[in-house]
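Read the structure below first, then the notes.
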Amino acid sequence: MKRVHRFGGWSVCVAILVLVLSCTSIPSSNSLRIKKQIKTKSGVFLSQKFELGPGSVINRFYYDIDFPRGHIAVKSFNAEVVDEAGNPIPLHETYLHHWVVYRYYQPKDEYQKHNISKLIIAGNNGICQDDILGQYYGLGSETRKTPTFVPDPYGVEVGNPAEIPDGYEERWLLNVHAIDTRGAVDGLGCTECRCDLYNVSKDEYGRPLRPDYRGGLLCCYDQTHCKVRKGFQGVKRSLYLKYTVEWIDWTDSILPVKIYIFDVTDTWNGLNSAKHNCKIEYEVVESCKGTSVTRDRCIDTKSTRVRIPKGGYVVYGAAHQHTGGAGSTLYGEDGRVICSSNPIYGKGKEAGNEAGYIVGMSTCYPQPGSIKIVDGETLVLESKYSSSQAHTGVMGLFYILVADQLPNSSNIF
C-alpha cells in the first residue's frame, strides 16, 4: 500500500522539496531477461514551455501533466530537455539538475483549480520524512543513459480504483530544475549552485543562509541567475522536458513492485527513533590539495544506515550522483552487496555524451530471487565522490524496486 498524505501537507512538502532536495550490474549473459516480452504502449509528451537565457534558472512545478490514465503498470519513464524543434539540448548549455514526477489525488469538483489544501499526495514506499523523495520517477544529468525499464513480469502499479479515495481522481505533478550555463564564468560552480556565483545570501523565502552554507539548492532556486562572462551574448530559448512513458494495462499476471529511495544524508540512527531525516544534499571537501596523492585516490566516502520497513526481492537498482561522483553501493545487514551503481561520464560534446558530466548510471537487474531483503532489515548505503576538488550540493540517492513474490509460470508473459 502506498503512503498517502494530505497536502496540508502538500504545500509544506513542496516547499521542503525545494529547500532540501530535490546487486552487481547485470552481466551481458542476462540481458535478454529485461527485454520486453509483450508489446507495451508508449506515449511521448512535453512539459509546459520554459524559457532560459544565459545564466538563468528555472525550478518549476507543473500540475496535472499528460500521463496515461486508467489502471496500468508503468514499465519505464525517460526524459530529456529539448528545444521547440525537438532537438536535444546538451548539458553544457542547459544543465538538467533534476526532474521528478509525483502522483497525487485531487477532488473531482476541483478540476484545474489545483487548490493544494485539498490535494492528497500518494508517495512511494520510501522512508524519508514528510514525503521528501516521495516521487515515483526522477533523475538528473544522467537521464539519457540510465535505463528505467521494469523487467517482466513486474510493473509499477498506478490508477488502481481501490486506492483512489472516493470523490477524487489521480493526477501527476512534474518538477523541473534546469540551469542555463552558456557563457558561465564557472560552469561547474553554476551546476553545483555555489552561492557566490549566484550572489545569494538568502533562500527564496527571504531567510538568511547559514554562514557555512557554500552552495546547493538554497542558492539556485527559480529565477536566480548564475554569473556569466562580461559581454557574453546569448539568446533566450524556449525549452521543454520531453518525457516518454511505456506502460501496459493491468492484469493479474503482473507483479507489483514497491519503490524505495534511500538518501546517504539520512541521519536516522535506529537507537531511539523510527523517524528518518533526509537532508538530500551535502558538501565534499577538497582533500588532496598540495599532496602527491594521485587523483584516483582522492575519494570522499559517506555512508549511513537505513531500515527498510517491508522487504522482498530486488528487481532493479540505480544510484543518483552529481559531477564528481565515483559510485554508490547498497549493502545488506550482513555486508552482502545488494546493488552497486557507477557513473558513466561523457567524452564528447553531443547530447548524451557531454565530456565531464555524468550522462548515465549503471543499473542492477538481479536474477529473479537472487537478492532478497528481509522485513525490517538495516541496510548500509555508501556514496563516493572525488575529493580532488571541492563540490557543493551533491547528492547520494539510491533507488530500488522490490517485489513481494517471485514470478511463476502464470506470470510469464
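The figures that follow rest on heavy atoms only: side chains count, while hydrogens, waters and symmetry mates do not. The first residue of the sequence shown is numbered 1, and numbering continues consecutively from there. Just so you know, these numbers come straight off a predicted model, no measurement behind them.
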Q. Has the side chain of S341 got a donor or acceptor atom that lies under 3.5 Å from a matching backbone atom of S362?
A. yes
| message | Both conditions, 6.0 Å and 45 degrees, for the charged tip of K227 above the ring of Y198: are they met here? | response | no
Heavy-atom distance under 4.5 Å between the side chains of I179 and L52, does that happen here?
no
Of all heavy-atom pairs linking S386 and I299, the shortest is CA-CD1, 4.2 Å
Side chain proximity check, W172 to V245, heavy atoms < 4.5 angstrom:
no
Given side chains that start at C-beta, do those of Y154 and I254 come closer than 4.5 Å, heavy atoms only? no
- Quick one: does N78's side chain get under 4.5 Å of T143's, heavy atoms only? no
Within the 4.5 Å heavy-atom criterion, are R207 and K202 side-chain neighbours or not? no
Practice prompt. Carefully, step by step, assess Q135 and I261 under the rule side chain to side chain contact (heavy atoms under 4.5 Å, CB included).
Written response: CA-CA 9 Å; Q135 66 264 26; I261 302 178; 3.8 Å; yes
| query | After noting the C-alpha distance and the side-chain angles of L241 and L46, does the key distance pass the side chain to side chain contact (heavy atoms under 4.5 Å, CB included) rule? | reply | CA-CA 6 Å; L241 188 79; L46 293 176; over 6 Å; no
*asked:* I'd like to know if the side chain of E382 pairs up with that of S303 as donor and acceptor (distance under 3.5 Å, no hydrogens or angles considered).
replied: no
Quiz prompt | Sidechain-backbone polar pair: T378 side chain, E333 backbone, donor-acceptor under 3.5 Å | solution = no
Query raised in the report: Does a salt bridge link R210 with E283, judged by any charged N lying under 4.0 Å from a carboxylate O?
Result: no
message = Atom CG of residue position D166 - does it have more than 12 heavy atoms of other residues, nucleotides or ligands inside 6.0 Å?
response = no
So NE2 of H98 and CG of L397: to nearest 0.5 Å the spacing works out to 10.5 Å
**Message:** With a 6.0 Å cut-off on the ring centroids, do F77 and Y137 count as close?
**Reply:** yes
Assess whether ring-ring contact (aromatic ring centres under 6.0 Å, His included) is satisfied between Y357 and Y345, documenting all intermediate values.
-> CA-CA 6 Å; Y357 294 87; Y345 282 91; 9.2 Å; no
Q. Any side-chain heavy-atom pair from Y240 and V81 closer than 4.5 angstrom?
A. no
In terms of heavy-atom contacts, A403 and V257 come closest through CB-CG1, 4.2 Å
- prompt: Any donor and acceptor pair, going by atom type alone, linking the side chain of D334 with main-chain N or O of R336 inside 3.5 Å?
  reply: yes
dist K41:NZ -> W247:CH2 (nearest 0.5 Å) comes out at 7.0 Å
Original post:
Sub-3.5 Å donor-acceptor pair from the side chain of E377 to the main-chain atoms of V374, do we have one?
Top reply: yes
Minimal heavy-atom distance between P407 and P153, with the atoms involved, is CB-CG, 3.5 Å
Check: Just checking, any donor-acceptor pair under 3.5 angstrom between side chains of Q321 and S383?
Finding: yes
Under 3.5 Å: donor-acceptor pair, side chain of T181, backbone of G187:
no
- request: Take atom CG of N199 as the centre, draw a 6.0 Å sphere, and report whether it contains more than 12 heavy atoms from other residues, nucleotides or ligands.
  value: no
| said: If the threshold is 4.0 Å, N to carboxylate O, is there a salt bridge linking K279 and D263? | reply: no
Donor-acceptor pair, E170 side chain versus G159 backbone, under 3.5 Å?
yes
Discussion item. Let's go through V158 and I72 carefully: what are the C-alpha distance in whole Å and the side-chain angles of both, what is the deciding distance for side chain to side chain contact (heavy atoms under 4.5 Å, CB included) to 0.1 Å, and is it a yes or a no?
Written reply: CA-CA 6 Å; V158 299; I72 61 174; 3.5 Å; yes
Minimal heavy-atom distance between G346 and V359, with the atoms involved, is N-CG2, 3.8 Å
Would K302 count as a cation-pi partner of Y282, with NZ or CZ less than 6.0 Å from the six-membered ring centre and within 45° of the ring normal? yes
- Query: Hey, are the side chains of T244 and F45 touching, using non-hydrogen atoms and a 4.5 Å cut-off?
  - Reply: no
Of all heavy-atom pairs linking V74 and V150, the shortest is O-CG2, 4.1 Å
Checking T392 side chain against E192 main chain: does a donor-acceptor pair fall under 3.5 Å? yes
Please tell me whether C278 and C128 are bridged, where bridged means their SG atoms are separated by under 2.5 Å. yes
I'd like to know if R214 pairs up with D196 as an ion pair, taking the criterion as any Lys NZ or Arg NE/NH1/NH2 lying under 4.0 Å from an Asp or Glu carboxylate oxygen.
no
Output for pair (N124 CG, D131 CG), nearest 0.5 Å, gives 7.5 Å
Only one of T40, T148, D152 passes side-chain hydrogen bond (donor to acceptor under 3.5 Å, both in side chains) with K75, and that residue is D152
| said: When you measure from the side chain of Y213 to the backbone of L218, do you find a donor-acceptor pair of N or O atoms at a distance under 3.5 Å? | reply: yes
For Y243 and I65 the tightest heavy-atom approach is OH-CB, 3.6 Å
Interatomic distance, CG@D83 vs OG1@T94, rounded to 0.5 Å, equals 9.5 Å
query: Less than 6.0 Å separating the ring centroids of F262 and F398?
result: no
For a quick check under 3.5 Å, do E157 and H71 share a side-chain donor-acceptor pair by atom type? yes
NE2 of H391 to OH of Y385, rounded to nearest 0.5 Å, is 8.5 Å
Original post:
Charged N to carboxylate O below 4.0 Å: is that the case for E80 and R144?
Top reply: yes
**Prompt:** Is there a donor-acceptor contact under 3.5 Å from the side chain of R60 to the main chain of Q48?
**Reply:** no
### Message
Quiz question: by atom type and distance under 3.5 Å, do the side chains of N175 and N59 form a donor-acceptor pair?
### Response
yes
### Audit row: R237, E84, salt bridge (Lys or Arg N to Asp or Glu O under 4.0 Å) steps and yes/no
CA-CA 9 Å; R237 299 190 296 192; E84 289 188 300; over 6 Å; no
**Message:** If you count heavy atoms of other groups shown closer than 6.0 angstrom to CD of Q233, is the number above 12?
**Reply:** no
CG (L173) and OH (Y102) are apart, to the nearest 0.5 Å, by 8.5 Å
- Are the sulfur (SG) atoms of C195 and C219 separated by under 2.5 Å? yes
Worksheet item: Should I127 and D266 count as side-chain neighbours, where that means a heavy-atom distance under 4.5 Å?
Response: yes
- Task: Report yes or no: is the SG-SG distance between C190 and C226 under 2.5 Å?
- Result: yes
- request: Consider only side-chain N and O atoms of Y136 and R103, and report whether a donor and an acceptor are under 3.5 Å apart.
  value: yes
Inset, instruction - Under the side chain to side chain contact (heavy atoms under 4.5 Å, CB included) rule, what do I344 and M361 come out as? Steps first, then yes or no, please. - result: CA-CA 6 Å; I344 302 166; M361 295 293 296; over 6 Å; no
(Q) If we count only N and O atoms by modelled type, under 3.5 Å, do the side chains of H320 and E142 hold a donor and an acceptor together? (A) yes
- Item | Pair E354 + K349, salt bridge at N-O below 4.0 Å | no
Between H97 and H322, what is the ring plane arrangement, given parallel below 30°, perpendicular above 60°, and tilted in between? perpendicular
message: Tell me if the aromatic rings of Y365 and Y316 count as close, with their centers under 6.0 Å from one another.
response: yes
